[in-house]
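The basis for the numbers below is simple: all heavy atoms, side chains too, and nothing from hydrogens, waters or symmetry mates.
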Amino acid sequence: MGPLTVYEAISAMRKLSAQGQEVSFSFMSYSESRQRTEGIVEVRRARLRPRSKDIDLENGELLEPYTDLDTLEQRRFHIPTLMTFNGQKTTLL
């Protein structure tokens, strides 16, 4: 089996999270406001959160909210920067 696209991975992550299961993933950090990256972020245990419909963020459709279950921080990542999901590599296309 080849790598998943980031969109296939996000779909699987959402499904597992909705079932109460944990996911692991990595992504390349990116701050739009600072126009820079801090490198690769590895998240060992997380659940994706439902997307908020009342917050209108610039490029919000590209941001995926999650809760890091190790730190209990609520964070977001840019979907196109997703690199792995549960140990499997992802591709943009």
Practice problem: Show your working on side chain to side chain contact (heavy atoms under 4.5 Å, CB included) between Y30 and E38 and close with a plain yes or no. | Solution: CA-CA 7 Å; Y30 179 69; E38 297 295 327; over 6 Å; no
I'd like to know if the side chain of [X] reaches the main chain of [Y], judged simply by a donor and an acceptor atom lying under 3.5 Å from each other, with no hydrogens or angles considered.
X	Y	result
R49	P65	no
T81	M28	yes
T90	M83	yes
T37	S29	yes
T5	L93	no

In Å and rounded to the nearest 0.5 Å, what is the [atom1] to [atom2] distance from [X] to [Y]?
X	Y	atom1	atom2	result
K89	T84	NZ	OG1	9.5 Å
R45	D68	CZ	CG	8.0 Å
M13	F85	CE	CZ	6.0 Å
I10	F25	CD1	CZ	8.0 Å

Is any side-chain heavy atom of [Y] closer than 4.5 Å to one of [X]?
X	Y	value
Y7	I79	yes
Y66	V43	yes
S24	N86	yes

Exercise. Scan R14, R75, H78, R76 and name whichever one has a side-chain contact (heavy atoms from CB on, under 4.5 Å) with E64.
Key: R14
Quiz prompt | Connected via hydrophobic side-chain network under 4.5 Å: V41 and L92 | solution = yes
Quiz prompt | Nearest non-hydrogen partners of L82 and F27, listed with the distance | solution = CA-CB, 4.0 Å
Exercise. For residues S17 and L48, report the shortest heavy-atom separation together with the two atoms involved.
Key: OG-N, 2.8 Å
Self-check item: Chi angles and distances behind the side chain to side chain contact (heavy atoms under 4.5 Å, CB included) call for E22, R47
Solution: CA-CA 6 Å; E22 300 173 357; R47 280 196 193 101; 4.3 Å; yes
Self-check item: Pairing of R44 and E42 as salt bridge, 4.0 angstrom limit
Solution: no
